[in-house]
Protein chains: 2
Amino acid sequence: MAFSTACKLQEPVTIADKLFLDLRRSILVGEIPAGKKISEPELATAYGVSRGSLREAIGKLENCNLVTRKPNIGARIIGFSTAQLMEIYQIREAMEGMAARLAAEHITADELAHLRKILERHRQEIAQRQDSSQQDADLDFHFCIIQGSKNSRLIRMLCQDLYDLVRFYRFRLKSGFHRSEQAFQEHNLIVSAIERRDGEMAETLMRHHIRASRDYARNMLENVPQEES
Amino acid sequence: MAFSTACKLQEPVTIADKLFLDLRRSILVGEIPAGKKISEPELATAYGVSRGSLREAIGKLENCNLVTRKPNIGARIIGFSTAQLMEIYQIREAMEGMAARLAAEHITADELAHLRKILERHRQEIAQRQDSSQQDADLDFHFCIIQGSKNSRLIRMLCQDLYDLVRFYRFRLKSGFHRSEQAFQEHNLIVSAIERRDGEMAETLMRHHIRASRDYARNMLENVPQEES
DNA sequence: TAACTTAAAAGTGTCAACAATGTCAGGATA
DNA sequence: TATCCTGACATTGTTGACACTTTTAAGTTA
């Protein structure tokens, strides 16, 4: 599967880049389990590339916060903790709140139309109870608003860095995560505020929305503890 | 000079790490001019290391957002634009606002005492008109609050990633940037709110403070355009 | 048996050479 | 003269070998 990152990253021309994207996908999807140590020789032979290229790819993964490295010890896939997930939600609340505020000022008519289309798709998928694709619709919604902020660094920090982590957790918590009806209503309110160009309200609603997601996730994790992969 | 990053990064044990810190310093201080292309063979011989280690160091610089790389073309120090600086301020407003809110909940008594000490130092330096060290006091203040948030990822994103950019710009805009008396007053209010454990107010005040800094910077840049280094 | 020592094995960091790509200057053609 | 081709040069990407560190396991001693 290909990840719709919304923010266009150029086609991978170099081996290290292809490797990076390949590994990133494997990690996000869970093919490589969380917390696993990365053996450079092993992976290099597995992918048929030299260790140099692999190390460069690992360096990029480190930037995405998907692996951590210790000198002379090695790299390992990041772990998995409720506390970290809560931290991410807090950061999202702040940054996406700002993104929504800016989007209310800068979003284009085309993007707004696209946003409405995403909402419509989301509505249909709820009616048909397609849980899996609702998650995509949710991501697309958030990406679109972030994109609308027109703050290029904010876009990069969110879409490129933070949302890899969001996906990392989302793929490992698939089960029982659908507060979609509620989320859909909240999305609607946010878009309305943006349409009215009410940045203050858009920010407030977005923060509320993300906080509600966080509380929901926390409840799920406390009551139905996930297995460590 | 050594940068007090507040968030402890481990001692550089590997050559690439030392190189990274060295280059980072050179860039931030302005020894390497903004926008300059990096020649791998040139730098490698200059520092007496192999190109491999240098490339790893450049990779890390890319994570700090201090250089940009294009495949088969090369790396260059980031440019310098008012627009980008404004984007950074917007992000700081969101993230440091959140940091202040969290600090009001989680900061320790020791950290609060330290914060008060920083304020006192700041006050003295204003009285003695030591413009240069006031900048350090300002950075220390912000670092201390971020640290108090106890959100480890937020701390890393701000101290490690974003504040390198802040320093990058600050070193190139030294001239005529002292709204210290005003900033000092704002700092005081923020600390008071944190002491009262009033997170809502702490966030509001921090956002106001950063927005004021932004407006001030924008005015300076519009009226006294800086030379491109 | 348990703890310490030591040597082998595995893994990471570093390097220099090779391959592929991009850049630039000179000349040919319209 | 301006544009396009062409080939030499310079730079980046990639690789395999070497050096150093960590880990493991065997062996020794109390």
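Values reported hereafter were calculated over all heavy atoms of this structure, with side chains retained and with hydrogens, waters and symmetry mates removed. First the proteins, then the strands, lettered A, B, ... as listed; each starts at 1.
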Run the salt-bridge test on [X] and [Y] with the 4.0 Å N-O cut-off and return the result as yes or no.
X	Y	answer
B/Arg25	B/Glu31	yes
B/Asp161	B/Arg156	no
A/Glu125	A/Arg121	yes
B/Glu87	B/Arg218	no
B/Lys150	B/Glu111	yes

Exercise: identify the closest heavy-atom pair between B/Gln90 and A/Leu102: NE2-CD2, 3.3 Å

Minimum heavy-atom distance between A/Ser149 and A/Leu154, given as atom pair plus value: OG-CD2, 3.9 Å

Angle between terminal axes - the helix from C/dT1-D/dA30 to C/dA30-D/dT1, 5 pairs each end, rounded to 10°: 10°

Integer-rounded Å distance: C/dG11 C1' and A/Arg76 CZ: 14 Å

Footprint string (nucleotides 12-25 of chain C, 5' to 3'): B base within contact, S backbone only, - free, heavy atoms under 4.0 Å: BBBB-----SSS--

A/Arg172 charged N/C atom sitting above A/Phe168 aromatic ring, 6.0 Å / 45°: yes

